[in-house]
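Numbering starts at 1 and runs along the sequence shown. Scope of the values below: all heavy atoms of this structure, side chains included, with no hydrogens, waters or symmetry mates.
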Amino acid sequence: MLRPVAGFYSAVDTRAQRATHYEDVTVDVQPDPERYLIQNWIISFANGKGAYVKENTAARSSNWHAFRAPDQEWERTHYQRQSKIETMVQSVIANARRAGAPKTFDKVWTKILQAHLGAWKHAEFGLGTSLMQAQRYGYTQMINNATLTNSSYKLRLAQDITLYLAEIGMDIAGWDDELGKKHWLEDGVWQGTREAVETIMGTADYLEQYFAINIVFEPLVGELFRSGFLMQAAAANHDFITPPVISAAEADYERNLANTIDLIYLLANDDLHGEQNKKLFQGWVTKHAALADKAALGLQPIWSMPHSKPIAFTDVRAQSQERLARILGELGLKR
């Protein structure tokens, strides 16, 4: 019988003794002088540091190689999943356009999509870019795989939103493709989100970036806007296209969150460094939750904009706070 331990299986499970395909293509692919490179690093930088160093994060581990991503995703499976999502998204958009669906959108909702869904794609792009940078510094291939697939999902969504708005814009008179960028840069509603995203982008610790995005920003801002506004309000305003385009991002996040929780759980419960890591993570929560709260409150006016308002911002915000509390509770952390 399987005994789950923070997303892993205990040693008593005989099946866990046989490497999975995922493990075959990730474990020890990234070199480590402490394991196999008895001659030390094959390649090092001019300052004498090797290609990968543990000091790239303030977190510490007695065994960086212990982590296994719960989604078991590697190059082939990642491309397959991304391809299926893209096929679905493009099919939804093409079928909706053939049926003339964009022309039936509520006129105010059309402006909201241009201005605010158009702004949100910049948040997704910023987070994806941050994760692309972060994956370079992880100490093992398992950590870097999880970070890079996370980046790929974010960048794919930013691209999906861009293409989606451009395509429906061809069917709607007076459509402005530049309105989203203008709101992202100038609208006060979005400046808290910009600050939160740009703070993550400017963070030097790769693990802090990964933690801040999935543990803090996503439940407090990402899900709040995607699920709590776009997917709730779209149908009530005659838009049945936006929800399926956005829905893939929520499935992406569940995978990314599971990966992040397992990694952070391992570090928070490390026999040698667990207490030190918990203090570090608690500091990250304090720092990034304050920025995410500011971002979320800044977005509140958007909930009042549509003609049909099926859900109140206060209700969605309460759900996001509960979501964060559950995530932190799994890790032994708090607000």
Side-chain angles (χ1 to χ4, degrees), residues 105-130 154 157-162 164-166 168-169 172 174-202 212-213 216-239 241-243 245-247 249-250 253 287-321 323-324:
F105 288 180
D106 178 89
K107 301 303 180 186
V108 173
W109 182 253
T110 297
K111 292 294 184 183
I112 291 171
L113 291 179
Q114 291 176 78
H116 299 296
L117 178 54
W120 180 254
K121 72 180 180 184
H122 296 283
E124 297 286 352
F125 180 80
L127 297 175
T129 302
S130 176
K154 287 293 182 190
L157 178 59
Q159 173 184 273
D160 285 346
I161 293 172
T162 301
Y164 167 56
L165 294 178
I168 64 172
I172 300 173
W175 186 268
D176 184 358
D177 280 324
E178 296 297 315
L179 197 57
K181 180 179 179 181
K182 181 178 177 66
H183 278 261
W184 176 251
L185 294 175
E186 301 175 13
D187 189 346
V189 163
W190 286 101
Q191 299 319 296
T193 305
R194 273 190 66 195
E195 182 182 3
V197 170
E198 290 172 10
T199 298
I200 292 171
M201 294 179 72
I213 290 170
V216 181
F217 183 88
E218 279 289 280
L220 290 183
V221 187
E223 284 188 318
L224 179 87
F225 184 70
R226 291 189 307 262
S227 293
F229 178 69
L230 292 171
M231 295 182 68
Q232 295 277 356
N237 289 277
H238 308 154
D239 173 8
I241 318 174
T242 301
V245 173
I246 297 299
S247 65
E250 304 312 275
Y253 176 50
K287 171 184 174 181
H288 292 284
L291 292 168
D293 283 338
K294 180 181 177 181
L297 291 172
L299 297 176
Q300 183 172 2
I302 299 176
W303 271 253
S304 301
M305 294 177 183
H307 278 143
S308 180
K309 306 172 181 63
I311 191 166
F313 174 82
T314 52
D315 294 336
V316 176
R317 180 90 195 288
Q319 292 170 11
S320 73
Q321 297 284 355
R323 169 79 147 157
L324 177 63

Item to check | Side-chain heavy-atom pair W175, T110 within 4.5 angstrom cut-off | outcome: yes
Checklist entry - So, T199 side chain and E195 main chain: donor-acceptor pair closer than 3.5 Å or not? => result yes
Next on the checklist: Below 30° counts as parallel, above 60° as perpendicular, anything between as tilted: where do the rings of W190 and W184 land?
Outcome noted: tilted
Item to check | Other residues, nucleotides, ligands: >12 heavy atoms within 6.0 Å of K309 NZ | outcome: yes
Checklist entry - Side-chain contact, heavy-atom cut-off 4.5 Å: K154 with T129? => result no
Item to check | Electrostatic pair R317:D293 at N-O distance under 4.0 angstrom | outcome: yes
Item to check | W303 side-chain N/O to G228 backbone N/O, donor-acceptor pair under 3.5 Å | outcome: yes
Checklist entry - Quick check: are there more than 12 heavy atoms from other residues, nucleotides or ligands sitting under 6.0 Å from CZ of F125? => result no
Checklist entry - Which value, rounded to the nearest 0.5 Å, describes the distance between T242 atom OG1 and L113 atom CG? => result 4.5 Å
Checklist entry - Measuring from I112:CD1 to F229:CZ, what's the distance to the nearest 0.5 Å? => result 4.5 Å
Checklist entry - Is there side-chain contact between R226 and L157, with at least one heavy-atom pair below 4.5 Å? => result yes
Checklist entry - Could you state the interatomic distance from NE2 (H307) to CG (N237), rounded to the nearest 0.5 Å? => result 8.5 Å
Checklist entry - When rounded to the nearest 0.5 angstrom, what is the spacing between CD1 in I161 and CG in L117? => result 5.0 Å
Checklist entry - Run the salt bridge (Lys or Arg N to Asp or Glu O under 4.0 Å) check on R323 and E218 step by step: do they pass? => result CA-CA 10 Å; R323 169 79 147 157; E218 279 289 280; over 6 Å; no
Item to check | Closest non-hydrogen atom pair between A158 and T162, with its separation | outcome: O-OG1, 2.8 Å
Checklist entry - Parallel, tilted or perpendicular: which fits the ring planes of H116 and H183, with parallel below 30° and perpendicular above 60°? => result perpendicular
Checklist entry - Can you check whether R194 reaches L185 side chain to side chain, under 4.5 Å on heavy atoms? => result yes
Next on the checklist: Any side-chain to backbone donor/acceptor pair from D106 onto H238? Under 3.5 Å, distance only.
Outcome noted: no
Checklist outcome for this item: d(I311 CD1, M231 CE) to nearest 0.5 Å is 12.0 Å
Checklist entry - Is there side-chain contact between F217 and L291, with at least one heavy-atom pair below 4.5 Å? => result no
Item to check | Min side-chain heavy-atom separation F313-S304 under 4.5 Å | outcome: no
Checklist entry - Measuring from L220:CG to Q321:CD, what's the distance to the nearest 0.5 Å? => result 5.5 Å
Next on the checklist: So F225 and V316, do their side chains get closer than 4.5 Å, heavy atoms only?
Outcome noted: no
Next on the checklist: Main chain of D187, side chain of Q191: is a donor-acceptor contact present, judged purely on distance under 3.5 Å?
Outcome noted: yes
